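So the structure is just underneath, and the comments pick up after that.
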Amino acid sequence: MSIKEMIQDHPAVEDGYNEQLGEAVKHAMYGAAIMNSCADACLAEENAKERAECIRRCLDASDACTAFYRIGSRRTGGNVAAIKASGAAAIIACEQCHELCKMHDDPHCKRCTRMCEEVIEDVKKAVQGLGH
């Protein structure tokens, strides 16, 4: 099952499907899971206490991505202002998560770093492509 197909099939979308928003919603949904998992993996590291801020930023990014994908996948009424605001929050939170995860060499932080990059890029494109 694809979230992009789910959005496309929404009765309010019809021919107005926004590919960039669909891609951003998809990556934010995956990002939320990956960032949450990275925070948990950081907790299991021997230096977990030293990673407290990284863990916090991963959790913040996960929550911001969750808010964005939930708001962005609702197509009844549009509410572009809320989509843009939640997108801005997701971008900021992912940038902050990226900043700390990129300093760690372990596989989970590397994966989280790549996911942050994808979310940031896709959400920026989606938000810029939305009307008013």
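As the structure is a computational prediction, the values presented were derived from the model and not from experiment. Residues take their numbers from the sequence shown, with the count starting at 1. Just the heavy atoms: all of them, side chains too, but no hydrogens, waters or symmetry mates, feed the values below.
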Inset, instruction - Enter the distance from C42:SG to H108:NE2 here, rounded to the nearest 0.5 Å. - result: 4.5 Å
Legend entry - Reported CD-to-SG distance for the pair E117 and C101, which is rounded to 0.5 angstrom: 11.0 Å
Inset, instruction - May I ask you to test the Q96-D60 pair for a side-chain heavy-atom distance under 4.5 Å? - result: no
Inset, instruction - Consider only side-chain heavy atoms of I, L, V, M, F, W and Y, link residues closer than 4.5 Å, and tell whether I34 and L59 are in one cluster. - result: no
Legend entry - Shortest non-hydrogen contact between A24 and D122, atoms and distance: CB-O, 3.5 Å
Inset, instruction - For the residue pair I91 and K124, establish whether any side-chain heavy-atom pair is separated by less than 4.5 Å. - result: yes
Inset, instruction - For residues C65 and M29, determine if any side-chain heavy atom of one lies less than 4.5 Å from a side-chain heavy atom of the other. - result: no
Inset, instruction - Go through the structure and list residues passing side-chain hydrogen bond (donor to acceptor under 3.5 Å, both in side chains) with K102, not counting sequence neighbours. - result: none
Inset, instruction - Could you tell me whether K26 and E23 make a salt bridge, using a distance below 4.0 angstrom between a side-chain N and a carboxylate O? - result: yes
Legend entry - Atom of S86, atom of I71 and distance for their closest heavy-atom approach: CB-CD1, 3.9 Å
Legend entry - D106 side chain to H104 side chain, donor-acceptor N/O pair below 3.5 angstrom: no
Legend entry - Non-hydrogen side-chain atoms of C109 and R51 separated by less than 4.5 Å: yes
Legend entry - Carboxylate-amine/guanidinium contact R114 E118, below 4.0 Å: no
Inset, instruction - Would you check, one step at a time, whether the test side-chain contact (heavy atoms from CB on, under 4.5 Å) holds for D40 with N36? - result: CA-CA 6 Å; D40 186 65; N36 187 65; 5.9 Å; no
Legend entry - Shortest non-hydrogen contact from S62 toward A32: OG-O, 2.7 Å
Legend entry - Close side-chain approach of M103 and L100, heavy atoms under 4.5 Å: yes
Legend entry - Gap between atom CE of M115 and atom CD1 of I120 - 0.5 Å precision: 10.5 Å
Inset, instruction - Measure the spacing between SG of C116 and CZ of R111 and express it to the nearest 0.5 Å. - result: 13.0 Å
Legend entry - Residue pair I83 / F68, side-chain heavy-atom distance below 4.5 Å: yes
Legend entry - CA sep, side-chain torsions, deciding dist, call: E121, H27, side chain to side chain donor-acceptor pair (under 3.5 Å): CA-CA 10 Å; E121 180 181 342; H27 278 137; over 6 Å; no
Inset, instruction - Say whether V80 and L21 are linked into one hydrophobic cluster, either directly or through other cluster members, by side-chain heavy-atom distances under 4.5 angstrom. - result: yes
Legend entry - Trace of the side-chain contact (heavy atoms from CB on, under 4.5 Å) decision for K110 with D105: CA-CA 7 Å; K110 286 183 178 192; D105 236 4; 3.4 Å; yes
Legend entry - Approximate separation, where rounding is to 0.5 Å, of R57 CZ and E99 CD: 4.5 Å
Inset, instruction - Could you tell me the separation between the SG atom of C97 and the CZ atom of R56, rounded to the nearest 0.5 Å? - result: 12.0 Å
